[in-house]
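Report on one structure; see the data block that follows.
Each chain gets a letter, A, B and so on, in the order its sequence line appears, and its residues count up from 1.
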Amino acid sequence: MTTLEWPGEKKACLCVSVNFDAEALDLLATQEDRLYGRYGYGRYGATTGLAGLLRTFEECGITATFFVCGSDAERHPGAIESIQRGGHEIAGRGLDLRTDWESSEQELDAIGAGSSILESLTGRRPLGYRAARDGFTAHTLNHLITLGYAYDSSFQDDDFPYVFAPDGDKQGGDRTLVEVPQSHVLQDALAFSARHSDERVFKTWLEEAEAMYEYGTLIPLTLHLRGDVGVSRPARLRRLREFLNRVTGFGSVDIMNGEQLCAMVQHAGLAPEPDPLASHRGTLNASLYRGDLAVSNSAFRMV
Amino acid sequence: METNGPDTRGNEKCTVLFGIDFDGASHEVGRGVPPIGEQSWGRYSARCGVPRYLDMLDDLDIRVTFFIPGYDAERHPDLVAEIARRGHEVAAHGYLHEAWDLSVDEESELLERTDKILTDILGEPVLGWRSPSGRKTSNTLAKLKDLGYIYDSSEKDADAPYVITDQAGGSMLEIPNNTYSLDDFPFYKFSYTPPSEVRDQWRYELDTSVAGSGYFLLTIHPRGGWGSGTPSRANIIRDLFTYAKESDKVRFMRMKDYAQQHRVAVD
């Protein structure tokens, strides 16, 4: 287990992030001229929902990180401006949430294009990156270093941030990247996709946050802005406010966003860990792609 | 002994068998999925989940059974040795967590390979096996018997252990499980049930076993994602076993000890 001391002798650390995922996500299922009706949940978040979420963060004393893909940022420059005005970080999420690259160069170009759009709107290069679902490839860590990123927040493999030293083309120097891992439990979209009541989702979160506090880990909360599987609707914001106040009220909880955590980890001087694929490449190359076998299991299809 | 399995009648105590399926990156790599980004949940087992369970089980003073894929053991030999050093049983669980049908020859080779990896680390024989995903061939049990195994824990067809016979006429103890009710995976992969509700369901199952079959087998995975390695899901196991230990009608056993105790019924 990676061990990291929280500053100021705090017992745990809350890190809130928001995946902006507006029309870009709907456009994975439809086209530009069909962004109406059922394909309006992304637009809800970027237009109607955002103000309430920012107000909630302000009331609860949260400085968050918003991961925004380039195409959504171009569609909503005003939203980007109000997120920045609220003191929050704008971080990278590629160009348009599409992951059907045919080469690693295409992936590099997409992440780079997203970075450039964010830079033109915010005046600074994004430091952090979070891949779209299934959009993390064997090349991503190296692409991020090439593009000047300082941290990634796509893994879900640890209770604490840590440091990678990816295998690469050895361009010289110490190529490292901080990882700020997410939690599978502290996410809105998966649970809301399973159509749980809001009460049940927040119950699950509170149980996890309380247990994380006991162990003194990072408490990484991943939110979405959207009106379907996100939290920006008024009733969910009421519960989010209650949840954030409960967590910050545990007694000894620091609050940091992605870039603040990254700076802290860089300062802590942790020994970098090997590339996560270093001991798997040969086996992966020899393995047939089978996808998620549990989902295609016929017994589950029956129900 | 004229019996088709351990006679639980008259047993004062319900036997609790806790199986921890290590399921590290093998689970993804075997399916051709790189264990990175969102698919990095298997990495959590060695980094956080297994150490957390080892400490918890020490605190509870309970010794259990870890089922470990050979591929994960190759990558974490020190942790496998540590599991054994802390008094737990290490049993086999496929090589790359093969959750698909294998030919008889493929399966035999993989059973041998994993057995060698584990015994080289442990310096002693492995005695039990659980199929990753519950698939077997008509040859599995005979091959396990050849390798010196004394139990299998893959079947879903009974509430309590029984003697199972292979096609060559050999027999070993079957320690059955149920991956719909007594496994973390359905609750956290499909239904996202709050952990406290999962705990309450398993408590109800335990109470039912104490009053009935005298046998309770629970399976968890110490990984992230849909596993139980993460804090609240680990803590409900602590709650459940703390509750179990308060009862004088419950005893915890490693599966190999249970199988050895009932060997008379097999041989």
Side-chain angles (χ1 to χ4, degrees), chain A residues 1-2 130-131 133-138 140-141 152 154-160 162 179 181-186 190-191 193-194 196 200-201 203-215 217 276-277 279-281 283-295 297 299-300, chain B residues 24-52 55 71 74-76 95-100 133 179-180 185-186 188-197 199 223-227 229-236 238:
Chain A
M1 199 178 296
T2 317
R130 175 172 293 159
R133 274 202 93 172
D134 294 333
F136 207 95
T137 76
T140 309
L141 290 175
D152 170 70
S154 307
F155 281 59
Q156 300 184 23
D157 60 349
D158 208 297
D159 293 329
F160 294 90
Y162 61 97
E179 177 60 38
Q182 305 179 81
S183 156
H184 179 258
V185 187
L186 292 184
L190 287 172
S193 297
H196 279 296
R200 227 153 162 242
V201 173
K203 176 183 175 184
T204 303
W205 286 4
L206 191 59
E207 289 177 11
E208 182 68 5
E210 283 173 343
M212 285 174 159
Y213 184 66
E214 177 194 327
Y215 291 102
T217 69
L277 290 181
S279 69
H280 301 300
R281 283 199 181 90
T283 313
L284 278 168
N285 290 337
S287 296
L288 181 69
Y289 177 76
R290 297 174 191 269
D292 190 341
L293 294 165
V295 171
N297 183 310
F300 286 108
Chain B
S26 66
H27 204 280
E28 281 72 35
V29 173
R31 292 182 283 116
V33 175
I36 50 178
E38 198 182 57
Q39 298 289 344
S40 61
W41 302 323
R43 288 163 52 86
Y44 193 90
S45 290
R47 301 172 71 88
C48 303
V50 169
R52 172 167 292 135
D55 289 347
Y71 184 86
E74 281 176 329
R75 276 142 194 85
H76 306 285
Y95 177 67
L96 270 166
H97 201 279
E98 292 83 9
W100 51 89
S133 87
T179 54
Y180 267 73
F185 154 84
Y188 302 141
K189 185 179 177 81
F190 295 104
S191 67
Y192 301 102
T193 306
S196 60
E197 294 177 23
R199 176 196 60 210
R223 53 182 9 234
W226 48 259
T230 45
S232 64
R233 296 172 181 177
N235 282 1
I236 68 153
R238 185 178 65 188

Heavy-atom pairs under 4.5 Å with chain A - which of B/Pro195, B/Ser133, B/Gly42 has more of them than the others?
B/Pro195

For chain A, which candidate among B/Gln39, B/Glu28, B/Arg233, B/Arg223 shows the most heavy-atom pairs at distances under 4.5 Å?
B/Arg233

Other residues, nucleotides, ligands: >12 heavy atoms within 6.0 Å of A/Arg133 CZ:
no

Using non-hydrogen atoms and a 4.5 Å limit, figure out which bit of [X] sits close to chain B: side chain, backbone, both or neither.
X	result
A/His280	both
A/Leu284	both
A/Glu214	side chain
A/Ser183	neither
A/Leu190	both

Report the C-alpha distance between A/Met212 and A/Leu186 in whole Å, list the side-chain angles of each, state the deciding distance to 0.1 Å, and finish with yes or no for side chain to side chain contact (heavy atoms under 4.5 Å, CB included).
CA-CA 11 Å; A/Met212 285 174 159; A/Leu186 292 184; 3.6 Å; yes

So do A/Glu208 and A/Trp205 actually touch side chain to side chain, heavy atoms under 4.5 Å?
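The answer is no, as the side chains (C-beta and beyond) never meet within the 4.5 Å cut-off.
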
Between B/Glu74 and chain A, with a heavy-atom cut-off of 4.5 Å, which part of the residue counts as in contact: side chain, backbone, both or neither?
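Contact with chain A is absent: no heavy atom of B/Glu74 under 4.5 Å.
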
Looking at A/Tyr215, is B/Arg52 sitting on its ring face, NZ or CZ under 6.0 Å from the six-membered ring centre and within 45 degrees of the normal?
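Because its charged atom sits under 6.0 Å from the ring centre and within 45° of the axis, B/Arg52 does stack over A/Tyr215.
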
